[in-house]
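For reference, the structure is listed below as structure tokens.
First the proteins, then the strands, lettered A, B, ... as listed; each starts at 1.
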Amino acid sequence: MTDLQIRNFSIIAHIDHGKSTLADRLLQATKAVSDREAKEQLLDSMDLERERGITIKASAVTVSHERAGESGPEPFMLNFIDTPGHVDFGYEVSRALKACEGALLVIDASQGVEAQTVVNAYLAIEQDLEIIPVLNKIDLPSARPDEIAMEVEQVLGLPAEDCIPVSAKTGQGIPELLDAICTKLPAPRAPKIKQARGLIFDAVYDDYRGVVIYVRVFDGRLRIGDKMRMMGLGRTYQITELGKYTPKPNKVKELGPGETGYLVAAIKTLGDVRVGDTITIDHDPAPEPLEGYAPPRQMVFCDLYPATTADKKGGDFEEMREAMGKLALNDSSFTYQTVHSEALGFGFRCGFLGLLHMDIVQERLEREFDLEVVQTAPTVPYKVDIRTKGGEVEEIEVHNPADLPDMSSVIDIKEPIARVEVMVPKQYIGDVMKLALDRRGIYKNQTFVSETRDLLTFEIPLAELIFDFYDKLKGITAGYGTMDYEVSEYRKDQLVKVDVLINGEPVEALSLITHRDKAEQRGRTLLVRLRKQIPRHKFEIPLQAAIGGKIIARETIKGFRKDVTAKCYGGDFTRKRKLLEKQRKGKERMKNIGSVSIPQEAFMAVLDTGE
Amino acid sequence: MLLSFPTAGGLAKQVPAWPERRVCRSVSNAHDIALTPTRQREPREVAHALRARPDPSRRPRSLYLHVPFCFHKCHYCDFYSIVDSRDRQAAFVDRLDREIQAIGALADQPPLRTIFVGGGTPTLLRPDLWERLAASLRTNLNLSNPDLEFTVECNPETATPELFDVLQGAGVNRLSFGAQSFNTAHLKTLERWHDPDSVPRALELAHAAGIRRVSLDLIYGIPGQTLDEALDDIERALALGVTHLSAYALTYEPGTAMTARRDRGEFAEPDEDLEADIYDAAVARLAEAGLGRYEVSNFARADHECRHNLAYWRQEAWLAAGPSASGHLHEPDGGSHRWKNVPRLDSYLRDDFEGLAPVIDYEAPDALRLVAERIMSGIRLAEGVDRIAILDAADRAEPGAAARLQAAEREPRERGWLLERDDRWVLSDAGFLFADGVARRFLGVLRKVGPG
């Protein structure tokens, strides 16, 4: 093993800049996969995974490569550590980076540096990784590798001449890139202690083997049969299998310092494993764990309800509960708990790492579990200082406006603030500034990228960001603006809870938290939408938005004027009677708030973001 | 051999000659399109019902005939009609004659009180065929009642002196004209193809032929129509001296072209406030002119009400013939039969069950359902429904039902929509616009508890 040099690295990129294609091409170039297999995107094809009944959506793939050295070929073991799962979340990227010494930063040679490129590069720099900028898609006629290399230097401070131009599609530049990986990226650090220490950087659930842990060994060795201990959780398990994905699973007897691989130990659920924890050997434990990382923070919350029969527990609800359990089994950063809404019945309050994560979970529920779900508007976790009955100040976390205690006991509401990078063509800078300021953003910085683009940095409350910022940004920049964000801190602001009253009755499911200055506008918008959705009743219905009892907006649904069919003749009676009975039943199915019947659709229309 | 390229005309000839179906698909209502021959059934129950002999007061004294031909399908219409490209009128009248014979042979023969010929466009039938139809009615049914009301629906464009003379000779004494509007733009919106001036002309012809009772149909709430324009239609109808008027709020029936156009966003959603304003103003104006509201959408001088339609609303029995015609007959034990003839001309012509037509949608409503429907349709009348008789029938159908009805009447009464007058439930002036709400209230407590 000692004669073998090891390189651990990740590939990070803006979406669609060719990360997966490049990974496949590297596997192919190192003969890890056949040319036929290389046609498919091996690292993240879920269908393929199912087809073979094994996990090849590996978080880490090990390949061997020989570098032509002065004294003959030098063998290298290359460990690709994929940013796991589906998305390039900051958190997930950083936990993958923790297991690496280097990163390939892939940039589309036509598109250039994008917001996500910048955020990912910062993450890699924070981890002290060596970065190799890779300019991809140079085969395209629109490719401008020289200009883009200048962008890389301008924005990221990486020398332009360090950029390696490649085409993952044609294979051009791939040998040079492999050499650079071997030459430029540092070898794993030497062991600091003799006891074993391995970092858990991912874990997935496998139907046959239980939890499969991905581990990067820093010190000592892990062997089959060892009783391992997870230092954070204090649990011990017998290691039954060790291996590496090449990308086919390839069992090994041990994993030594600098190596990356998988570990199976009859662990039944993902809940028993904490990504970021340190593995050591039970009978000879390390004195200190490795520097891990905090568990993932759910920064976006929303409620998901079954789209039908939400008024009683059962049917779709049970199916949905089962689906939630299965999802959580292989996505440890997704949380859920049962909730009951007066409006939508039984459902689940779900926590996600970000908006993209939320979309993916919803899509999986619909596609893989064939469930129709109603999604409420996403909210962020607020930290609220309240005065308890005893008089002390206590901080609580609120994931839904409805859970906010009475405003009289609230001292302060703090909200998550995101550091947002926006890459924007220069002609749209003014509009983007205006949008950011309108969303309570604070301008922080402007970086020259190229003659045509600038990188703007803002601090924007996450709540404003998840509302419609991205759509608006795309709209005002003709689709050219890109953004990425990272939650940086919690900050106190003039936040208030807006209650919605229908016919004088407060409806918790409709309440929202917003900035004082925006409360009136948000309240009014919501009331107007409600007015359109609630059918007329026999009487006039006032709709009000209020802050702590003070009315800030009002709309009225007029009482209906007519409820009669124009024609009713001999042949119509059966049809007509059935229609009336159906209408009557429909009315019974509506939610009754006081004497007002509100169709479920009204709640959906108000809460659902997908308008 | 010459290669021939199909031209537009050439292609048209290759299309299988099934014009009825093509018409159905493009314009007719959804349930017709969905109809396949497998859904139709033998009219066994109808034959049985025709033979039933309930007490004389509950025997059929009305007859509905359906003539399906039209030269164009109006966009709001959901009645069964076809634009017949083959001349099947004679075949149709032959078939109708056989059906009338069968009905005459099976049914009891008390003198009919009313006959109503609807469509389609019954006046599209050629005068000679009208004569044959009239002869069939005379031969097979009891038309001895000197007070027989015999109504034919009439498209004003089809009015000719010759036709009206034939109709008058056949015993027709009432014509119902589909005017819909006098405003060309609004007629266009409805895809109603007639010249508004043809209405007064047709009325004059009717008068000249000695047919004194005429009714006009109007539609209001047409997209783009204002309150003043709707009232102008009423004025023009009154100026023609009609003694009966039906004014219908435009209804978007499922499967009609009008509904499809609305769903495509061609029109704004109906303005409920405007429709209610038009209705209130029309009711007031017609009352002032002496035409009282005797049903939600029907207005007439005293004794000029449509007695045929009253029979429906009062849940009397009636006979039916022709494709898509619906009938209702009582059993001596209180049971009842409802059915609809097959709404397809080709099936109607082809399938003959000892004269009777194949049926769809046959049902035998139970006593409780009959009570529900009696309230539903009867409450639409100014005369209302006999409360004592209803409560009595309800309790006989299901003990305890009467008490539920009495509990249900409270809310509409408190709202001022429902009144009790001479032991009858009647709608108040304000209540007419809420007839469905009142009916729903009662129907809600008559629904069977349990599954279904």
Contact winner vs chain A - [options], heavy-atom pairs under 4.5 Å:
options                                : answer
B:Val438, B:Asp280, B:Asp277           : B:Asp277
B:Leu250, B:Val296, B:Asn309, B:Thr251 : B:Asn309
B:Ala430, B:Ala325, B:Ser326, B:Gly221 : B:Ser326

Side chains of [X] and [Y]: do they bring a donor and an acceptor to under 3.5 Å?
X        : Y        : value
B:Tyr294 : B:His244 : yes
B:Asn298 : B:Ser246 : yes
B:Asp78  : B:Thr256 : no

message: Checking side chain to side chain donor-acceptor pair (under 3.5 Å) between A:Arg364 and each of A:Glu366, A:Glu368, A:Gln362, which is the one that passes?
response: A:Glu368

Part of A:Lys558 within contact of chain B (heavy atom distance under 4.5 Å): side chain

Non-hydrogen atoms of chain A under 4.5 Å away: do they reach the side chain of [X], the backbone, both or neither?
X        : value
B:Arg440 : both
B:Arg441 : both
B:Trp318 : side chain
B:Glu363 : side chain
B:Glu316 : neither
B:Asp273 : both
B:Tyr279 : neither

- request: Hey, can you tell me if B:Tyr64 and B:His66 have their rings parallel, tilted or perpendicular (30° and 60° cut-offs)?
  value: tilted

query: So, the side chain of A:Asp572 versus the backbone of A:Tyr569: is there a donor-acceptor pair under 3.5 Å, distance only?
result: yes

query: Is any side-chain heavy atom of B:Glu295 less than 4.5 Å from a side-chain heavy atom of B:Glu305?
result: no

field: Option passing salt bridge (Lys or Arg N to Asp or Glu O under 4.0 Å) with B:Asp436 (candidates A:Arg577, A:Lys582, A:Lys576, A:Lys538)
entry: A:Lys576

field: Pairs of heavy atoms under 4.5 Å with chain B: top-ranked of A:Arg536, A:Glu581, A:Arg561
entry: A:Arg561

